[in-house]
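Here is the structure we will look at.
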Amino acid sequence: MPRFGGMLRLDRFKSTMSEYLEDLNPAQRDAVTHRDGPLMVLAGAGSGKTRVITRRIAWLLQEGVAPGQILALTFTNKAAGEMANRVESLRGYRVHVATFHSACARFLRRDGHLLGYPQNFSIYDTYDRDSCIKQLLRSHHIQVGGAVTPNKVGSRISRLKNLGVGPEDFVSGLGEVDAVVRRIYSPYLVRMRDLGAMDFDDLLLRFRDLLVEHPDAAEMYQERFRYLLVDEFQDTNLVQYDLLKRLSAKYRNLCVVGDPDQSIYKFRGAEIRNILDYQDDYPDAVTIRLETNYRSSGCILAAAQGVIENNKGRMDKTLRTDAEFGAPVSICRYGSEQEEAEELTNGIWQLMSNGIDLGEVAVFYRTHSLSRTIEQAFRQRGLPYDVVGGLTFFERREIKDVLAYLRVLVNPLDDVSMLRVINVPPRGVGNVSLQKIIDRAADAELSLFEAVCDADCRGVVSGKARKGLESLAKVLTEARGEENPEEAVRIVLKGTEYLGYAGGLGDPQDASREENILELINDAAQFAEESDEGLAEYLQHVSLLTSQDEQHGEGPRISLMTVHSAKGLEFDYVFTIGLEEGLFPHSRSFEDPEGMEEERRLMYVAMTRARKALALSYVSFRMINGETRRQDMSRFLGEIPDECGTRMGMPWGYEADGDGDTVYEADDGIDYDPGDQLEDDTVQLCEGAYVVHPEYGPGQVLRLSGSGIRMKVVVLFQDGREKTLIPEYAGLQVIDGSEEW
DNA sequence: GCTCTGGCTCTTTTT
DNA sequence: GAGCCAGAGC
């Protein structure tokens with residue numbers, strides 16, 4: 001985590017100017033040495049953008065700008081940390097590098113009281129936001145169901161907030177969701193304020209409010225941060241851009257770096273238009289284009305270029321490279337996702353046997369759901385991997401439960417968190433008792449936390465519920481004021497016997513929930529040790545972690561992630577799977593030409609992550625939502641120039657080793673029907689049959705029930721587990737004879 | 001008040 | 001297949 005401040009100065013960092021500049025090309029050098037005034041750097045993929053930003057910071061420091069006067073904003077905490085470290089190693093100074101959200105959170109912790117927020121406000125993620133909305137819908141007697149779900153209402157409100165549209169400006173459309181939003185939007189804002197809580201959008205909006213409503217505070221920030229640098233500017237939204245304009249209003253040293261071809265976050269309010277507006281808003285801005293790619297082979301670059309050129313509304317830009325043409329991009333078609341996963345595994349084994357570092361291998365996909373088949377194959381073949389994003393550690397149920405306890409300790413107004421834990425683990429507080437205490441709290445104008453901690457209020461319930469609330473109050477009172485996050489976690493766990501409860505959740509053989517909680521203790525301990533900050537800071541820190549910030553296992557590992565998470569990263573070997581119409585480009589973008597262009601930019605991002613080799617694959621049949629569908633090749637593959645791709649065979653010359661694997665050529669019209677194999681298996685499936693499950697391993701069928709598509713089997717697995725499975729979905733393989741295991 | 005079951009929906013991407 | 005929810009049954 002980047003820490004602000006740190007004024008250490010070491011003489012050995014005194015360098016001559018040329019040291020920062022000599023390995024830069026002329027355009028990069030111009031960007032680095034631009035002194036004052038607005039600067040826009042249009043940086044193509046792999047053109048050394050990060051290097052330019054860090055060198056520029058180092059250069060500014062050398063020019064006499066104080067470290068505290070520089071604020072750099074990046075996309076992930078990880079990127080921020082790396083950038084801060086690089087600057088530190090160049091100059092020996094720590095500068096402020098943060099994400100938009102964490103910077104705003106930090107500022108609001110200090111000055112949010114000017115807006116009436118407690119210093120220890122809670123930060124709600126999407127899930128918490130939806131819980132809050134769910135409660136609001138209930139209290140407004142709005143029926144949930146069909147199109148109206150807390151999540152849909154929440155996303156709609158979020159979108160409006162990103163556009164800077166308040167409840168008073170909102171002209172609702174015709175849809176059901178809009179009708180609900182019209183009723184709920186304003187109450188939601190009020191409710192969040194009462195809870196002392198902010199969602200992700202609020203962090204930006206409230207900080208903007210602060211700048212607008214408190215000119216003295218605004219001036220203080222303007223004086224403080226005289227030099228602003230923004231990475232990934234193409235993915236900022238209107239509110240973020242507005243913030244930047246206000247922050248830089250006095251000194252106008254706003255340096256933005258971005259690539260319109262890599263704008264992939266429209267769905268969360270990003271505006272490529274910001275790049276065009278920037279030129280209007282700062283007519284005197286210097287614009288520098290970085291057009292030399294230092295990352296990818298010539299072939300990969302040409303292939304990516306061939307794809308992105310199909311976008312109509314695009315700033316003209318061509319990337320050059322001096323790199324060798326390199327190996328052609330491999331384009332493979334497989335029969336099914338299982339085959340895709342298997343061949344992917346084979347390809348990676350091949351790389352490994354050539355001594356490749358697995359840390360330089362990545363697998364990208366458009367949607368998280370595609371990771372599962374790949375993960376299974378990797379696990380079976382013993383390949384170490386990390387999944388970036390998806391359900392992250394801090395989004396897990398048991399972790400969120402424990403964090404909710406911590407949150408109410410820090411912010412007693414936080415009823416959403418209190419509701420989450422008031423009966424977790426179960427302590428006899430059912431709906432009836434819960435409603436009683438909620439009503440009592442409302443009458444007494446107390447938060448739920450306060451009501452639970454007040455013996456008088458607890459008096460409204462009796463019996464088991466009362467006892468439960470008493471024990472809860474006892475834990476909360478005991479833990480309250482504990483500043484050390486690790487200690488706080490321990491007190492909560494002990495007082496609530498949460499570990500025992502978590503152990504009983506779900507699969508009894510699955511110890512991962514307890515392990516996760518122990519991991520949380522470690523994380524909290526580590527935070528306390530490294531930062532000497534308290535519980536409130538710890539909560540803020542974990543609330544704003546990004547999917548790329550997660551720590552992973554030891555040793556080199558293959559990275560699995562969505563293309564969105566891949567932005568800003570690079571790998572020697574990149575596999576992108578699921579290049580099929582409807583998946584990538586995703587069907588949700590079909591009607592909308594702008595959406596399709598964004599999909600294409602996404603493809604461009606995926607391709608340009610690769611340094612040495614790029615393999616793209618698609619399948620003829622894929623199981624989607626429990627239904628096997630016939631898939632067509634992605635249009636993007638057709639846009640790759642012929643001289644850049646080999647449309648057959650295994651990645652990079654891998655040959656099937658005669659075990660009967662079929663190699664498909666693209667568009668050869670071969671109809672592979674995975675149903676054939678399925679039917680064969682189903683026929684053999686009978687009581688006593690030996691089977692292998694991709695996850696649970698070998699087992700024996702105990703009973704069958706139902707028939708055809710409704711058929712279920714009960715299987716006793718070797719490890720003693722008994723599972724009821726639907727053969728069609730479970731991927732069960734029937735094997736003959738017990739000698740197999 | 002708690003737990004289990006069956007029915008329903010689900011899959012875009014994230015701070 | 002998985003997560004969520006409502007309703008039934010204990």
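Below, chains carry the letters A, B, ... as their sequence lines are ordered, and counting in each starts from 1.
The side chain to side chain contact (heavy atoms under 4.5 Å, CB included) test with A:Y265 is passed by exactly one of A:K567, A:E232, A:Q234: A:K567. Among the candidates A:R635, A:R366, A:R622, the single residue satisfying the salt bridge (charged side-chain N to carboxylate O under 4.0 Å, His left out) test with A:E581 is A:R635.
In this structure, A:V432 reaches the sugar-phosphate backbone alone: every heavy-atom distance under 4.0 Å involves primed, P, OP1 or OP2 atoms, never a base. Contact annotation for A:D125: no contact, since no heavy-atom pair falls under 4.0 Å across all strands. Backbone-only engagement by A:K134 is indicated by non-hydrogen atom pairs under 4.0 Å involving sugar-phosphate atoms exclusively.
Computed from coordinates, the A:L137 CG to C:dC5 C1' distance equals 15 Å when rounded to whole Å. The distance between atom CZ of A:R397 and atom P of C:dG3, rounded to the nearest whole Å, is 10 Å.
Judged by Watson-Crick or G-U wobble contacts below 3.5 Å, the nucleotide C:dA6 has B:dT5 as its partner.
Atoms CG and CZ, on A:L203 and A:R208 in that order, are 13.5 Å from each other to the nearest 0.5 Å.
Nucleotides B:dT13 and C:dC4, compared at atom P, are 16 Å apart to the nearest Å.
The phosphate of C:dC4 (OP1 or OP2) has no side-chain N or O of A:N151 nearer than 4.0 angstrom.
There is a side-chain donor-acceptor pair under 3.5 Å between A:Y538 and A:D523. Judged purely by distance below 3.5 Å, without hydrogens or angles, the side chains of A:Q338 and A:E340 never pair a donor atom with an acceptor atom.
Relative ring orientation between A:Y501 and A:Y498 is described as perpendicular, the plane-to-plane angle rising above 60° on a 0-90° scale split at 30° and 60°.
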Under 4.0 Å protein heavy-atom contact, by nucleotide of nucleotides 8-15 of chain B - B base, S sugar-phosphate only: --SBBBBB
